Each structure stands twice: as C-alpha cells, then as structure tokens.
Amino acid sequence: MASVSHYFLLVLAFLDSHTAQPVCLPGCTCSHESFGRTLQCMSISLGAIPLNLPDEFKRVRIENSPLFELPRGSFINMSTLEYLWLNFNNVTVIHLGALERLSELKELRLEGNKLRSVPWTAFRATPLLRVLDLKHNRIEVLPELALQFLINLTYLDLSSNRLTVVSKSVFSNWPTYQKRRQPGCGAKIPPSMVLALHSNPWLCDCRLRGLVQFVKSVSLPVILVNPYLMCRAPLSKAGQLFHETELGDCMKPRISTPSANVTIWAGQNVTLRCLAQASPSPTIAWTYPLSMWREFDAVLRGKQLAPMLTSSTAEDAALSELVIPAAHPVDRGNYTCVASNSIGRSTLDISLHVLPAQALPDPHSPFSPLEGDTYIDLRVVKQTVHGILLEWFAVANAPEEKWFTLYVASEEALRKEVVHIGPGINTYAIDDLLPGTKYEACLSLGGRPPRQGQCVVFVTGRDRSGLEERERLLHITVVLCAVLLALPVGAYVWAAQAPCSCREWGLHCCLHRRKAPRCPRAAPQHADGSYRDHTAICEDNLEHRDAEGDEEGESG
C-alpha cells in the first residue's frame, strides 16, 4: 500500500511540473538561459506582438517577420523584459506608448527595419536602457532633444540611415555625454560611450558645422565606431572626410542687383537680375504685378558664380535672371526678388519702366494691339454645353473711360448680345447659348468697336440628350446582333426564309451605314437538308462594303 501511494505522489509531481511549464507560441522556441527565459520567433508570419505573453520572459527575439508597427502597450504585461530584439522586420511605426512598463529594459535592437522617425520621448519609460541599435533604417531627422531620456545609454548606432544634417547640440546636451565629460570629484570613471554615425548622406554645409567640430574634437570616453565620416553633398565637398572639411557660419540671404531701376522702350526684351548670397544655399522666386496672368522665364544660375560680397564658397551664391520678351507698358511696375534659406528670407524690388513705342507691339503677344494706352487680355475659363465663363485683364490709362463693352455673336444664333461692364468687374457668365455652335466674344473700352486681339472664339459643347439617344440606339443594335449570334440552327432557317436585308432594316440593323453591326446573313441551304455554315457575322465599317455585297444581302 505504501508503494502505491508513493507512485501516486510521483505521478502528481510530474503532472504538476508539466502544467506549470508555460506554453510557447506556435512556430517559436522557448529556452532557459543564464539570465532567464527566452522567446525566439524566427521567420514566422507574425503581424503583431502577441498580447498574451507571460511576464517571465527576460529576452524576446522576433526577426524576419511581417511585423509592421509597435502599438501602444505592446509589452504592457512584460515588466521584467531586459532584452528586446526586433531586427529585420517591417517595423515602420512605433507609437508613443509602445515601450510602457519596460522599466527593466537594457537592450533594444531594431536593425534593418523601415523606420523614418522614432518617438524619442517614449524612452522615458526605459531609464535603464544601455544599448539602442537603429542601424539600417530610414531615419532622416534627429531632433535636438532626441537623447534627453537616454541617461544610461552606452551604445547608440545610427549608421546606414538617411541623416543629412544633425545639430551638435544633440550630443553635447546628451546627459550621458555631459556626465562622462564632467565626472564628479572622486567619482568612478564611467564606461566608454560608443557612437556610430557612418554611412549617412551627410550634407556638408554650414548647418553641419557643429557636428563636424564635434567629430573632430571627440575623445575618450566617447568612441566613434568609424571616425572617418564622409560628406555626400554638395558636389564640391562630396567624398571629403569631416576632418578635411572647413565650414563657415550660416547666414540669411543678402540680395544685390546691377540696377534697381530699369527703363526700356515698349517692344524691347529685358532681363532682370538678382544675385543672392547665403549659407546654406538660397532659393530665389519672383513676384510681379502680372504674375497671375503672364508667365516669364526665370533662369536660376546657382553654383556657378563666386560670391561677390563674401568669401564663402561658390555654392553659397545663386543668380536668377527674369527674362521679359517684347515688354509692354502694362509690364511696368515693381518686380520683387525673394531669396530664402533655412535661416531667413530677404527681398529686393526692381522697378521696371516701359516707355510707349510708336510702332504696334508684337502681333503674337497674348495682349491686344495698342489702342491708346489700353491693353486687354480676354480668355474663356469655363465652358459648358449652353454657356461659358469669361475672364479678362485690362489696363486703361484713361480714367474717364473705364467701362467696357462685351460683344457676343454667332452666325447660327442670328443675334449679337451687347453687355456693358462696369469698372472693377473682370468676369462674366453667359448662359442660354446654342449647343455645338461657334461663337465670338469681344471686349473693348467704352463704346469703341473691338479690334483684333481683343476677341476669343469658342464652340459650345454638343447637346447631351442627342448623344445619349444615339448611344442607346447603337447599344440596342449591338445587343440584337449578339442575340442572333446565339440563336439555334432552326432560327437561322427562319431567318433565311424571311425577306430580311440590311436595306430594309435601315436604322435597326445598319444604323445609316456607320460602323454598325451587319445584319446576319442566312446560312446556305443544301439538298440534304443540312447547313454546313452556321455562322452569323456582325461586321464593322459598313461604309467600306461595296455595292455587290449589298445586292447579295437583298437577294438572300
């Protein structure tokens, strides 16, 4: 009896040990390591972090899976987790609260994912983090206070990302860096801090000056994995090492021009020039009175001129030329050159004076010929079946005559509409026009007759109801032929005996001989009562059928 009870107790102990053993995720492996229990999921279709993971895991490793994001509270039940490896997945988004409850986390590896940015404030929840591996991602920006919560970090890898410009203060204000630079009296020497920044497309202009100085002066206890950082742009510095690069201070654009007052005769070509010097390189845009109505060619010639006012490099200057062909008096006014970069924005006005010429201006100009000092540009901005919307720009130097007359005429309409437009109005809608009709609209000053160049010709759209009826008739004809194609042989016999022809069917079959389905031809009848040709053909392009074919259709 004692032996039986002893055996029973052994069985209970065995079952209890196995029931206490946590179940591992399907497709994953679980093991015991020296530091604790480990979960490893390699190359499985894991689209999200499982929410039912037990609290006992010390290390979780998930790699080569379609894992896309880390939502808020992804590890809320894993407060004892110390090592989290999520390499070579598709992680694109990390939400702000994704690392909540991971107060014991010491190592986070996210190599080979698709991160463009990182919620750096999320590391407030991981004060013990020592290793952060973010290499081979797509990170483009590193904010100045990105590292403020990584107070115990000893290894940071940002290599092989898309960083172009990073401020020196990102690292100089890093609490870990400051603590190692200024250890307290009698304090223990802190361990080295390893930093990886290589293989990024660094843009070596004035904005990178602080980081270049930081790299040149870095010393123990800070260690760069690869101290030979290289410039990718601009072209003049591509391939240079940080240690070989000298960068100046940043400055907002300074603008100059050969002449701030330009006077020309009407009909002449003129080029306005604007030279901007700035660091980083500026961009130039132009604004002028007719910018919404008339477009000119702006030629930007940057990175080709040596600066005229400073000793900076060639890419710190840009020259923009605004070309105005066949200038009119209406083109007179102030042309503003606007130069801007990441530091600031500057403007410069160039006054253009256009004197009236004796001859007529260019007939190919979008403006009307000279009528005193009046210029009119008329255009159609919206068009429907029964109406249009006109818009115009007009300049008249005669203050007593600012009223305009609008003429709308058509040969088919047999009438001419005359509308008097008051000053300050530059749009007019015309309704109740005939569909599919050619019209001419002209605008002139006062009651003067319109001249060439002050008119626009347009054609209204066709009547939609007629088009719908025609499409419906074509659809019915096509369906009828399709039904005939599906008829059995007996139906073709009936069709062969019936007096059917394309000419008799008219609209129903041939649709006025315009690319409509052909009337099905009857199958030839043989003496044995069989029909060897049981095909009915609906042909296109009836206009190409010869007269002989039509006669055969009638006799059939």
Side-chain angles (χ1 to χ4, degrees), residues 35 48-49 53 55 57-63 67-89 91-163 166-181 190-197 200 211 214 221-225:
F35 49 82
I49 301 295
L53 291 177
D55 192 23
F57 286 115
K58 294 292 185 179
R59 184 175 74 174
V60 172
R61 183 178 182 183
I62 302 174
E63 295 184 2
L67 186 63
F68 174 76
E69 65 176 337
L70 300 182
R72 186 183 186 92
S74 297
F75 308 95
I76 197 169
N77 295 323
M78 308 183 68
S79 58
T80 62
L81 189 64
E82 297 182 6
Y83 304 92
L84 179 58
W85 292 6
L86 301 174
N87 299 320
F88 307 109
N89 298 302
V91 178
T92 305
V93 179
I94 300 179
H95 292 268
L96 190 59
L99 304 179
E100 288 181 351
R101 306 290 180 87
L102 294 181
S103 57
E104 301 294 325
L105 190 65
K106 300 176 182 178
E107 188 171 311
L108 176 60
R109 296 185 180 271
L110 288 161
E111 177 186 356
N113 283 280
K114 298 178 181 179
L115 292 171
R116 291 186 179 273
S117 62
V118 177
W120 297 98
T121 55
F123 294 111
R124 189 197 301 265
T126 59
L128 301 182
L129 192 65
R130 297 198 301 262
V131 175
L132 179 57
D133 187 356
L134 295 169
K135 62 176 172 286
H136 291 288
N137 274 276
R138 303 174 183 180
I139 300 174
E140 300 175 346
V141 178
L142 199 60
E144 283 198 22
L145 300 178
L147 310 179
Q148 61 177 329
F149 297 116
L150 298 169
I151 56 177
N152 289 307
L153 205 65
T154 59
Y155 180 88
L156 175 61
D157 196 338
L158 291 167
S159 61
S160 300
N161 276 277
R162 298 179 180 178
L163 296 173
V166 173
S167 172
K168 174 185 177 180
S169 59
V170 173
F171 303 104
S172 60
N173 295 332
W174 187 7
T176 306
Y177 177 74
Q178 292 179 346
K179 184 170 58 176
R180 285 162 172 76
R181 292 281 293 179
S192 297
M193 182 178 61
V194 180
L195 183 61
L197 297 172
N200 279 286
L211 182 62
F214 172 80
V222 179
I223 300 175
L224 290 175
V225 174

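All values below come from the heavy atoms of this structure, side chains included, with hydrogens, waters and symmetry mates left out. The structure displayed is predicted, hence computed values, not measured ones.
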Check for a donor-acceptor pair, side chain of Asn87 on one end and backbone N or O of Glu111 on the other, with a separation under 3.5 Å. yes
Would you say that Thr80 contacts Glu104 through its side chain, given a criterion of any heavy-atom pair below 4.5 Å between the two side chains? no
Side-chain heavy atoms of Val166 within contact of Phe214, under 4.5 Å: no
Is it the case that Arg109 places NZ or CZ above or below the six-membered ring of Trp85, under 6.0 angstrom from the centre and within 45 degrees of the axis? yes
Minimal non-hydrogen separation, Pro143 against Trp120, with atom names: CD-NE1, 3.7 Å
Return the CG to CG distance between Leu132 and Asp157, rounded to the nearest 0.5 Å. 9.0 Å
Measuring from Ser117:OG to Ile139:CD1, what's the distance to the nearest 0.5 Å? 8.0 Å
Test Ile94 against Leu110 for side chain to side chain contact (heavy atoms under 4.5 Å, CB included), laying out the working first. CA-CA 11 Å; Ile94 300 179; Leu110 288 161; 3.8 Å; yes
Which distance, rounded to the nearest 0.5 Å, do you find between the CZ of Arg61 and the CG of Leu86? 11.0 Å
Considering only heavy atoms from C-beta outward, does the side chain of Thr126 approach that of Phe149 to under 4.5 Å? no
Can you find a pair of side-chain heavy atoms, one from Leu102 and one from Leu108, that are under 4.5 Å apart? no
Rounded at 0.5 Å granularity, tell me how far CZ in Arg101 sits from CG in Leu81. 14.0 Å
Side-chain heavy-atom pair Trp174, Leu156 within 4.5 angstrom cut-off: yes
Can you name the nearest heavy-atom pair linking Ser79 to Ser103, along with the distance? O-OG, 4.5 Å
As an exercise, state the distance from OG1 of Thr92 to CG of Leu70, rounded to the nearest 0.5 Å. 10.0 Å
Give, for atom CE of Met78 and atom NZ of Lys58, the distance between the pair rounded to the nearest 0.5 Å. 10.5 Å
